[in-house]
Trainee: 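Let me begin by handing over the structure; questions about it come next.
Not measured: the values here are computed from a predicted model. So that the names make sense, note that chain A is the first sequence line, chain B the second, and so on, each numbered from 1.
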Protein chains: 2
Amino acid sequence: MDVLMTNTKDNILDAAERLFAERGYEATSMRAITSAAGVNLAAVNYHFHSKERLLQALFTRRLEMLNRKRMELMDAYEAEYGKRPIPIEKLVHALIEPMIDITGERPNSNKAFSVLLGRMYSSPHSSLDGILLSDIRNFAERFETAIRRSLPDIPPEDLYWRVFFALGATIHSLASSHLLQKISRGLCNPDDRKGAQEKLTAFIVAGLKTPTNPGLMKKRLSRTAKTDRGK
Amino acid sequence: MDVLMTNTKDNILDAAERLFAERGYEATSMRAITSAAGVNLAAVNYHFHSKERLLQALFTRRLEMLNRKRMELMDAYEAEYGKRPIPIEKLVHALIEPMIDITGERPNSNKAFSVLLGRMYSSPHSSLDGILLSDIRNFAERFETAIRRSLPDIPPEDLYWRVFFALGATIHSLASSHLLQKISRGLCNPDDRKGAQEKLTAFIVAGLKTPTNPGLMKKRLSRTAKTDRGK
DNA sequence: GTCTATATGGGGATAGAC
DNA sequence: GTCTATCCCCATATAGAC
């Protein structure tokens, strides 16, 4: 905790972030991390006590950045729109843009964490559930209030599901876009972050806005459901 | 390969499927698998040669079922609509329903594989990429042709991206719905498969259908983009 | 704070009896 | 086909010198 503290800790965090994203948590050894970070094997246990707490420290670091960026965007939008509903496009931007653009001190470390985030969301028994939930709680409540005001005709339960689907599409596009490139035979370029984000935003906005069908929707649901939303 | 063959192999596959889904591949030991399956430790290497090939065998088994179900649905829809475009709802159904409803010989084994599938899609360096891609290739080409005919105004690249987002939302809802239950404080019930599938379908259909904005879409894209879709 | 050396345990895989 | 016993390696974590 010195003011001129050596950056051993950060070196370890950066290396671990990259390797966990590439190989997964279990498949990455402490030796691989310390070797990549250029530090001694024992340094990890000295600074972080254990491998698991290294992972937690790593996530806490990024999730605080993520949360802060989201909050800043919400601040700006609420200042801009006051008591009027914030457009869905803006809300979606506050939700997903910070996930896509997590920039770190080191170049390209953001991509590593994006992939890692996708990995970790798919790991039910991880010790990170608590961290994922608690670090996001503040934003989640604020976002919930805002989106309910912007989409008053969508029932709250459906809103939760839809935001959940939106996050799934986002995480998947962060974590597995290499598959898209293969399956599209190169037509889609995952490295075009901005283009992908625009397409993703359009997809999500449409999904969030679509009117709900109150009753059974088994038969021919779309052709006739052209009732325009209020607002 | 006897006709009255012992079900040791299937016991191992079922146990491995469940444990891989719960704990992840790396974190699951051969000893845990054989113990859960009630077979001897050496049986895995005898029947599957290695842990990795056990995983591959497990995926091949399920993906063949998945592919077959998708193909059957496409058969039915193509027979029903002939040369006319198949409605998007139907195409989405053929895409996601088999992923949600992978039923196995044993009860609840389907849920395990759903989670595992979500896990594995997020693992870039997995030895499963080839299996995931090749087993799906036939369906993918057929689906691609069909959706282009049903959504002729969406550029092929955008279609790829949107189907990719749709799969992301689906996989995420399979793999991480436990988080949704927590964050919604019980309002959303992930065990209601049919309800979730309806909401997911509505979300995806809207996202697939939404018109593309050819130029820059930076400023105020939604309020004015009320141009009714063709079709 | 950083290093070397090592304790301690569990992992995948296999040999060889039955 | 199934079992026991074991090989051999690599993992995390720590003790203790510097």
Trainee: Check this one for me: any side-chain N or O of A/Ser29 less than 4.0 Å away from OP1 or OP2 of D/dC10?
Mentor: no
Trainee: Specify the separation, in whole Å, of atom CD1 of B/Ile33 and atom P of C/dA13.
Mentor: 10 Å
Trainee: Going by the rule side chain to side chain contact (heavy atoms under 4.5 Å, CB included), which residues pair with B/Ser29 if we only count those two or more places apart in sequence or in a different chain?
Mentor: B/Arg31, B/Ala32
Trainee: Going by side chain to side chain donor-acceptor pair (under 3.5 Å), name the residues that satisfy it together with A/Glu64, two or more places apart in sequence or in a different chain.
Mentor: none
Trainee: Checking B/Asp75 now: which residues fulfil salt bridge (charged side-chain N to carboxylate O under 4.0 Å, His left out) with it, not counting sequence neighbours?
Mentor: B/Arg142
Trainee: Between D/dG1 and B/Asn40, is there an OP1 or OP2 to side-chain N/O distance shorter than 4.0 Å?
Mentor: no
Trainee: Within the structure, does a side-chain N or O atom of A/Thr8 lie under 4.0 Å from either OP1 or OP2 of C/dG1?
Mentor: no
Trainee: Could you tell me how far apart A/Tyr25 (OH) and D/dA11 (P) are, to the nearest whole angstrom?
Mentor: 14 Å
Trainee: Quick one: which of A/Arg70, A/Met65, A/Glu72 gives a side chain to side chain contact (heavy atoms under 4.5 Å, CB included) with A/Pro98?
Mentor: A/Arg70
Trainee: Please give, in whole Å, the distance from D/dG1 P to B/Lys9 NZ?
Mentor: 9 Å
Trainee: Please work out if B/Thr34 contacts a base, only the sugar-phosphate, or nothing of the nucleic acid, heavy-atom cut-off 4.0 Å.
Mentor: nothing
Trainee: Nearest-Å distance, CG (B/Leu55) to P (C/dA13)?
Mentor: 12 Å
Trainee: Under the salt bridge (charged side-chain N to carboxylate O under 4.0 Å, His left out) rule, collect the residues that match up with B/Arg18, sequence neighbours excluded.
Mentor: B/Glu22
Trainee: Applying salt bridge (charged side-chain N to carboxylate O under 4.0 Å, His left out), name anything that partners A/Glu157, two or more places apart in sequence or on another chain.
Mentor: none
Trainee: C/dC3 C1' sits how many Å from A/His47 NE2, rounded?
Mentor: 12 Å
Trainee: Anything under 3.5 Å between a protein N or O and an N or O of nucleotides 13-18 of chain D, put it in a table, one pair a line.
Mentor:
residue : atom : partner : partner atom : Å
D/dA13  : OP2  : A/Lys51 : N            : 2.9

Trainee: Closest nucleotide of DNA chain C for A/Gly38 versus for B/Ala27: which of these residues is on the 5' side?
Mentor: A/Gly38
